[in-house]
There are 2 protein chains.
Amino acid sequence: MDVDTRLLRYFAAVAQEGTLTGAAQKLFVSQPALSKRIRHLEEDLGVRLFVRSRSGMTLTEAGRELASRVPALLDEWDEAVRAAGRAARVLRLGFLDAGAVEAVPEVVAEFRHTQPEWRVELRQFDWSEPSAGLGRGEVDAAVVRLPFPGQERFTVVELFVEERGVLLPARHPLANSETVEWRELWDEQFAATGPETGAWREHWLAVDERDGRPVRVGAVTRRPDEWLGAVAGGCVALAPTSVARFYAHPGVVFRPVHGVSPSRVGLARPRGRTHPAALDDFLEGVVRRLGRT
Amino acid sequence: MDVDTRLLRYFAAVAQEGTLTGAAQKLFVSQPALSKRIRHLEEDLGVRLFVRSRSGMTLTEAGRELASRVPALLDEWDEAVRAAGRAARVLRLGFLDAGAVEAVPEVVAEFRHTQPEWRVELRQFDWSEPSAGLGRGEVDAAVVRLPFPGQERFTVVELFVEERGVLLPARHPLANSETVEWRELWDEQFAATGPETGAWREHWLAVDERDGRPVRVGAVTRRPDEWLGAVAGGCVALAPTSVARFYAHPGVVFRPVHGVSPSRVGLARPRGRTHPAALDDFLEGVVRRLGRT
DNA sequence: CTGCTTCTATAACCTGGTGGCATGGACGTG
DNA sequence: CACGTCCATGCCACCAGGTTATAGAAGCAG
């Protein structure tokens with residue numbers, strides 16, 4: 001019996017979530033797709049894994065048995081991938097937006113001299129995973145925007161802060177102002193990330209800085225293009241200043257905002273996982289170059 | 001990083017075999033397919049796993065790291081599948097040819113009374129795996145033809161013996177004889193199974209009963225249709241008598257053969273793997289019904 | 001040197017699995 | 001009784017993964 005590990009992740013998500021609909025949106029697939037896939041898994045195994053009801057999916061005994069083993073399997077697989085990466089002398093650094101890692105190439109260049117046999121790989125992750133691949137163990141370290149969900153499971157060093165501004169549709173009345181007051185934006189429709197991103201989402205909606213004024217979410221996006229598209233389509237979104245340097249989109253303008261807190265960029269790494277000395281070297285370089293201290 | 005477990009099996013095979021070509025035929029896929037898939041795996045991982053050369057594929061350090069973990073992963077997955085099967089009260093019985101399990105349905109019917117909540121599932125395997133799924137842990141027990149490779153890893157009970165005859169093309173000169181002498185067939189082209197089936201292949205070519213006369217293999221097949229097709233196309237093949245009852249093919253006839261040993265049918269099960277009591281019940285029934293003692 | 005063998009890589013093509021959208025059906029709830 | 005919230009189904013589009021045929025590289029035998 002062969003399966004895709006992705007299918008196992010699907011299964012684990014449904015098992016944990018208890019509903020197809022819920023799991024589907026966590027996984028960013030459609031509910032029918034998930035439904036079909038899970039059914040297909042059951043057929044392959046020749047075993048019913050869930051009892052379906054109007055209230056959701058409940059694990060059968062067989063399902064529980066499987067659910068109790070799958071997470072460990074997935075972890076071991078991810079660990080095997082990391083081990084192979086270490087053996088190949090590859091350091092993987094996750095990131096979410098080009099702005100946060102703007103100065104990293106210089107660190108890499110320098111690192112290449114001190115550790116010539118190592119290679120650094122930068123991997124971008126979408127915003128469904130604000131941990132930039134750390135959560136699923138796909139990277140050795142990540143440059144992240146703080147705070148992010150699951151942060152307590154990692155060692156985090158704050159690197160620098162960056163003012164936040166706003167992305168506006170070019171035809172928006174405020175698009176002509178030099179700068180914008182945060183309170184002027186409270187009633188706008190925001191482009192946000194998915195609910196699974198918790199405090200991260202809230203930080204980018206600045207819910208703590210609205211005097212309790214409710215948030216209006218006009219679009220859920222998880223990658224820069226969707227995001228800019230949503231803004232071009234009429235939404236607004238808070239964004240770090242560096243966005244203006246890295247992304248251009250006709251119909252979208254960036255304006256500084258007064259009265260909203262800055263974005264904090266941090267370096268995160270797994271707590272206490274064995275890692276090569278070269279990783280320390282490299283990360284030290286990152287902190288030295290990007291850190292404000 | 002998600003992968004299909006089949007890809008992991010591919011990788012493990014190449015790692016063990018040392019050449020793509022060799023692994024490909026063990027896996028019954030084409031060499032280009034395997035080549036592409038392995039390359040794809042390397043790209044996904046961002047890591048080179050093999051060094052290619054004219055003499056084959058040698059693992060890199062990263063490859064060795066991966067190769068050291070993958071087999072255990074696959075085992076755990078297979079075990080998880082078995083565990084789910086047990087939890088769902090499913091007994092899986094592997095078999096190779098319908099003739100060997102001819103009487104099993106009666107055992108199943110009886111078993112349904114004593115253990116009504118259990119279900120028995122018969123799964124047919126192709127002849128690339130003479131252990132009928134036991135080797136890869138896909139079944140709880142199997143009705144097999146003895147001897148088969150890997151047999152020593154299982155507990156085997158011999159059930160009954162069945163005379164062997166020969167499948168001949170209908171236009172073959174011997175097709176009109178009532179019975180055939182084994183020595184008359186020595187120089188025919190035989191339809192055989194793949195080389196990976198070892199002693200099993202040799203038993204069906206009866207290499208020990210040819211007075212050292214070399215075997216001529218005219219076709220390699222792994223399922224009944226291919227097999228009968230090969231015979232219709234001019235090959236001959238030894239076959240258990242029950243074949244005549246289960247398979248019909250225009251252009252193929254079955255004749256008894258004098259001078260060749262019979263086929264022994266056995267019941268095999270994993271040694272010392274934990275298993276439900278119902279399995280014992282069922283297998284006892286099988287032995288009682290099919291066994292000659 | 002040439003031709004043969006034995007590897008892997010590439011090209012062109014086909015199929016089926018997987019996902020998306022729209023919609024249906026079952027069943028509590030207000 | 002209409003509505004909301006689940007999961008299932010039908011239809012369509014796309015691409016990963018398979019096939020065969022062929023090329024390319026490199027030892028080895030004569």
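These numbers come from the heavy atoms of this one structure, side chains and all, not from hydrogens, waters or symmetry mates. Below, chain A is the first sequence line, B the second, and so on; all start at residue 1.
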Just the endpoints, please: which first and last nucleotides of DNA chain C, 5' to 3', lie under 4.0 Å from a heavy atom of chain A?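 Taking any atom under 4.0 Å from a heavy atom of chain A, the span is C:dT18 to C:dG28.
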Answer yes or no: are there more than 12 heavy-atom neighbours, outside B:Gln16 itself, under 6.0 Å from its atom CD? no
Nearest-Å distance, [atom1] ([X]) to [atom2] ([N])?
X: A:Asp2; N: D:dG18; atom1: CG; atom2: P; result: 11 Å
X: B:Leu41; N: D:dG18; atom1: CG; atom2: P; result: 13 Å
X: B:Gln31; N: D:dA21; atom1: CD; atom2: P; result: 14 Å
X: A:Arg48; N: D:dC7; atom1: CZ; atom2: P; result: 14 Å
X: A:Arg37; N: D:dA8; atom1: CZ; atom2: P; result: 15 Å
X: B:His40; N: D:dC15; atom1: NE2; atom2: P; result: 13 Å
X: B:Lys36; N: D:dG18; atom1: NZ; atom2: C1'; result: 7 Å

Angle, rounded to 10°, between the helical axes spanning five pairs at each terminus of the helix from C:dC1-D:dG30 to C:dG30-D:dC1? 10°
Find every protein N or O atom lying less than 3.5 Å from an N or O atom of nucleotides 24-27 of chain D, and list the pairs.
unit_1 : atom_1 : unit_2  : atom_2 : d
D:dA26 : O3'    : B:Arg54 : NE     : 3.0
D:dG27 : OP1    : B:Arg54 : NE     : 2.5

For the student: nearest non-hydrogen atoms of B:Gln124 and B:Pro224, plus distance: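 Reported closest heavy-atom pair: NE2-CG, 4.4 Å.
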Check: [Y] and [X] side chains under 4.5 Å, non-hydrogen atoms:
X: B:Val143; Y: B:Leu93; value: yes
X: B:Val144; Y: B:Trp200; value: no
X: B:Leu49; Y: B:Leu66; value: yes
X: A:Phe125; Y: A:Glu138; value: yes
X: A:Leu167; Y: A:Leu228; value: yes
X: B:Arg37; Y: B:Leu41; value: no

Quick one: do B:Arg9 and B:Leu74 satisfy side chain to side chain contact (heavy atoms under 4.5 Å, CB included)? Show the steps, please. CA-CA 8 Å; B:Arg9 297 188 209 276; B:Leu74 291 173; 3.7 Å; yes
Under 6.0 Å between ring centres: does that hold for B:Trp227 and B:Trp127? yes
Name every residue in residues 4-30 of chain B that has at least one heavy atom under 4.0 Å from any atom of DNA chain C, in order of residue number, or write none if there are no such residues.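 Here the set is B:Thr19, B:Leu20, B:Thr21.
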Could you tell me which residues satisfy salt bridge (charged side-chain N to carboxylate O under 4.0 Å, His left out) with A:Arg216, sequence neighbours excluded, listed by chain and number? none
Could you go through B:Ser53 and B:Ser55, starting from their C-alpha distance and side-chain angles, then the distance that decides it, and tell me whether this counts as side chain to side chain donor-acceptor pair (under 3.5 Å)? CA-CA 5 Å; B:Ser53 73; B:Ser55 59; 3.0 Å; yes
What residue pairs, at least two apart or across chains, pass ring pair (Phe, Tyr, Trp, His ring centres under 6.0 Å) with a residue in residues 7-65 of chain A? A:Phe11-A:Phe50
